[in-house]
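Contents: one structure, followed by commentary.
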Amino acid sequence: MQALHFLQALARIARAAPKPAHSARTRQIRHAAYASMAHSSRSSRRTWSRALLHRLRQRQQQRPGRLLTVRRRVRIVTPITSRPEEPARAETLRQLVPGGRGMEYCNLLEETADYVQCLRAQVQLMQTLLDAFSS
Amino acid sequence: MSSRRRRITDGEINELITKLQSLLPEPRRRNTNRASASKLLKETCSYIKSLHREVEDLSDRLSDIIETMDGDSPQVEIIRSLLN
């Protein structure tokens with residue numbers, strides 16, 4: 001389902017007229033990539049996928065009318081209660097996995113594994129499409 | 001501090017850490033003591049960041065390709081056939 005969702009989004013982006021600027025289109029494609037990951041049937045019940053969808057929707061609502069530039073995903077650091085029983089780096093991981101901050105450590109690891117698998121699948125999908133389009 | 005937190009066994013943590021290990025691109029040692037758990041988390045963070053960068057880069061390149069596409073492009077046919 002991840003692939004289908006992404007392809008449909010890509011087709012919509014390709015059909016858009018008038019054609020958006022390159023940077024705007026890049027942003028749309030990136031948005032579609034993360035949305036496809038979150039919508040995939042394996043992941044839709046995951047905390048990370050709900051958190052990601054929420055973040056994507058928030059971004060969409062902020063966007064209209066602004067000059068669009070491609071920027072890296074910026075994380076806003078909020079005060080977090082320290083968790084001394086966790087290994088170091090767990091905190092960084094919490095910031096990288098959507099919704100990670102509120103998770104129990106055990107859930108964080110599980111969600112991370114799922115998130116990584118989804119990310120890899122998305123990257124492979126996009127690479128495959130690129131190869132298909134470039135041949 | 002919170003009493004809501006259920007008691008997580010070391011076994012469960014180790015299992016998940018092993019699973020994460022298997023997802024990382026390079027083969028690692030299999031022991032899961034605390035020091036290597038932290039190292040594994042560090043590598044996982046690096047890996048996730050690199051995957052995010054790849055999504056960014058691939059989005060950019062797909063954007064390039066789509067720019068040159070019109071209704072007659074073979075790429076459009078590929079998309080159509082994949083969707084049917």
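This one's a predicted model, so the numbers in the text were calculated from it and none came from an experiment. So that the names make sense, note that chain A is the first sequence line, chain B the second, and so on, each numbered from 1.
Closest approach of A:R30 and B:V55 over heavy atoms only: CG-CG1, 4.2 Å. Residues A:L96 and B:H52 come closest through the heavy atom pair O-CE1, 3.9 Å. Contact record, B:L23 with A:A113: CD1-O, 3.4 Å, taken as the closest heavy-atom pair. Contact record, A:L109 with B:L20: CD2-CD1, 3.9 Å, taken as the closest heavy-atom pair. Heavy atoms only, all atoms of each residue included: A:K19 and B:E67 are closest at NZ-O, 2.8 Å. Listed here is the closest heavy atom pair of B:S63 and A:R25: OG-NE, 3.2 Å.
A:A32 is linked by a side chain to side chain contact (heavy atoms under 4.5 Å, CB included) to A:F6, A:A9, A:I13, counting only residues two or more places apart in sequence or in another chain. For A:H5, the ring pair (Phe, Tyr, Trp, His ring centres under 6.0 Å) partners at least two apart in sequence or on another chain are A:H39.
Of the inter-residue distances, the one linking A:T26 atom OG1 with B:I66 atom CD1 reads 9.0 Å to the nearest 0.5 angstrom. Distance OG/B:S59 to CZ/A:R27: 11.5 Å, rounded to 0.5 Å. The OG atom of B:S22 lies 7.5 Å from the CD atom of A:Q117; values are rounded to the nearest 0.5 Å. Note: A:R120 CZ to B:L24 CG = 8.5 Å, rounded to the nearest 0.5 Å.
Options A:Q122, A:R15, A:Q127 differ in how many heavy-atom pairs under 4.5 Å they form with chain B, and the most are formed by A:Q127. Of the listed residues (B:R61, B:E54, B:K19), the greatest number of heavy-atom pairs within a distance under 4.5 Å of chain A belongs to B:R61.
Both the backbone and the side chain of A:A14 come within contact range of chain B, each with at least one heavy atom under 4.5 Å from a heavy atom of that chain. Contacts between B:I65 and chain A at a heavy-atom distance below 4.5 Å involve the side chain alone, from C-beta outward. Contacts between B:D57 and chain A at a heavy-atom distance below 4.5 Å are absent for every atom of the residue.
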Could you walk me through whether A:F133 and B:L62 pass the side chain to side chain contact (heavy atoms under 4.5 Å, CB included) check?
-> CA-CA 9 Å; A:F133 291 159; B:L62 279 171; 4.1 Å; yes
Should B:L41 and A:T112 be marked as a side chain to side chain contact (heavy atoms under 4.5 Å, CB included) after you check the CA-CA gap, both sets of side-chain angles, and the distance that decides it?
-> CA-CA 10 Å; B:L41 287 185; A:T112 300; over 6 Å; no
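Judged purely by atom type and a 3.5 angstrom limit, A:R89 has no side-chain atom pairing as donor or acceptor with the backbone of B:E43.
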